[in-house]
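Notes to accompany the following structure.
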Amino acid sequence: MVTLSDFQRIGVGLVGFGLFFILFGVLLYFDSVLLAFGNILFLSGLVFIIGFRRTFTFFFQRPKLKGTSFFLGGVVIVLMRWPLLGMLLEAYGFINLFRSFFPVAFGFLSSMTNIPLLSKIFQKVGDSSSVV
């Protein structure tokens with residue numbers, strides 16, 4: 001089992017609340033206050049979990065600058081109370097940032113599920129090298 005420090009536990013809580021507020025903001029027809037609060041909690045939780053330096057180096061790597069600019073630009077647009085456009089920009093940036101992680105996640109999910117149809121779908125998606 002993985003041991004977490006106190007800061008990492010706080011970070012997991014912040015990320016969880018951030019995702020909750022983002023989901024709740026989307027369910028309430030893109031409420032800009034909930035989305036902005038969720039974005040702030042999510043990003044601050046990420047900093048608590050992996051540290052400021054690692055967060056900075058993850059977001060500002062040369063191949064990930066396009067995804068970072070769209071994601072952080074979407075956060076700024078949501079903070080300026082344009083929630084629909086901001087969430088679209090954030091989603092595009094999130095896909096660009098985590099593009100290399102999706103096959104790993106789908107491979108893990110396919111090994112965890114015993115549902116016949118879902119495991120075949122996850123296995124097919126996890127085997128492909130380009131997912132977007």
Side-chain angles (χ1 to χ4, degrees):
M1 183 166 186
V2 178
T3 60
L4 297 174
S5 69
D6 290 337
F7 280 115
Q8 289 173 332
R9 289 182 189 153
I10 292 170
V12 169
L14 288 173
V15 167
F17 279 118
L19 291 175
F20 171 75
F21 278 107
I22 289 172
L23 177 68
F24 202 55
V26 169
L27 289 175
L28 290 176
Y29 300 113
F30 293 97
D31 183 35
S32 60
V33 175
L34 289 174
L35 291 173
F37 193 59
N39 284 331
I40 291 169
L41 286 175
F42 178 77
L43 290 175
S44 62
L46 192 64
V47 170
F48 269 82
I49 290 173
I50 63 174
F52 184 75
R53 181 171 291 160
R54 285 186 182 169
T55 304
F56 187 80
T57 56
F58 173 77
F59 277 108
F60 293 104
Q61 294 174 7
R62 172 82 88 192
K64 295 183 180 185
L65 280 179
K66 180 180 176 184
T68 299
S69 62
F70 274 99
F71 183 76
L72 295 179
V75 170
V76 169
I77 297 293
V78 166
L79 289 173
M80 292 172 42
R81 294 189 171 266
W82 287 70
L84 187 61
L85 178 63
M87 288 305 290
L88 288 173
L89 291 174
E90 279 184 44
Y92 181 71
F94 184 82
I95 290 170
N96 277 334
L97 278 172
F98 295 102
R99 179 181 295 172
S100 63
F101 180 69
F102 289 138
V104 174
F106 287 135
F108 176 73
L109 287 175
S110 70
S111 69
M112 294 299 290
T113 58
N114 291 327
I115 303 169
L117 181 65
L118 285 179
S119 64
K120 286 182 182 179
I121 291 172
F122 284 140
Q123 186 178 20
K124 185 169 271 196
V125 172
D127 288 340
S128 67
S129 60
S130 68
V131 175
V132 174

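Quick caveat: nothing in here was measured; it's all calculated off a predicted structure.
Taken from OH in Y29 to CG in L84, the straight-line distance is 13.5 Å, to the nearest 0.5 Å. Within the model, atoms NZ of K64 and OG of S69 stand 13.5 Å from one another, a figure rounded to the nearest 0.5 Å. Atoms CD1 and CG, from I10 and L4 in turn, are 11.5 Å apart once rounded to the nearest 0.5 Å. Here the CG-CG distance, from L35 to L28, works out to 9.5 Å after rounding to the nearest 0.5 Å. If you take CG on L41 and CZ on F17, they are separated by 8.5 Å, rounding to the nearest 0.5 Å.
Smallest separation of non-hydrogen atoms from L34 and G25: CB-CA, 3.8 Å. For the pair K66 and N96, the tightest heavy-atom approach, listed with the atom from each and the gap, is CE-ND2, 4.1 Å. Between P83 and F30, the shortest heavy-atom distance links the atoms CG-O, 3.2 Å.
A continuous path of Ile, Leu, Val, Met, Phe, Trp and Tyr side chains, each step under 4.5 Å between heavy atoms, connects L43 with F94, placing both in one hydrophobic cluster. With hydrophobic clusters built from ILVMFWY side chains whose heavy atoms lie under 4.5 angstrom apart, F42 shares a cluster with I95. Linking ILVMFWY side-chain heavy atoms closer than 4.5 Å, directly or via other members, places W82 and L88 in two distinct hydrophobic clusters. Connection of L19 to L79 is established within a shared hydrophobic cluster, with ILVMFWY side chains joined at heavy-atom distances below 4.5 Å, either directly or through further cluster members. Transitive grouping of hydrophobic side chains (ILVMFWY, heavy atoms separated by less than 4.5 Å) keeps F7 and I50 in distinct clusters.
Judged by distance alone, the side chain of S32 and the main-chain N or O of V78 form no donor-acceptor pair under 3.5 Å.
For the pair I49 and V15, the minimum side-chain heavy-atom distance is below 4.5 Å. No side-chain heavy atom of F48 sits less than 4.5 Å from a side-chain heavy atom of Q8. I77 has its side chain out of reach of M87: every pair of non-hydrogen atoms, C-beta onward, lies at least 4.5 Å apart. For the pair L14 and V47, the minimum side-chain heavy-atom distance is 4.5 Å or more. In this structure, the side chains of E90 and N39 come closer than 4.5 Å at one or more pairs of heavy atoms.
Between F24 and F20, the ring planes lie parallel to each other; the angle is under 30°, not in the 30° to 60° tilted range. Taking the six-membered ring where tryptophan is involved, the planes of F37 and F21 are perpendicular, since the angle between them exceeds 60° and thus also 30°.
For F98 and F102, the ring centers sit 6.0 Å or farther from each other.
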Query raised in the report: Would F60 and L65 count as a side-chain contact (heavy atoms from CB on, under 4.5 Å) if you check the C-alpha gap in whole Å, the side-chain angles of each, and the deciding distance to 0.1 Å?
Result: CA-CA 6 Å; F60 293 104; L65 280 179; 3.9 Å; yes
Query raised in the report: Could you walk me through whether F59 and L97 pass the side-chain contact (heavy atoms from CB on, under 4.5 Å) check?
Result: CA-CA 8 Å; F59 277 108; L97 278 172; 3.4 Å; yes
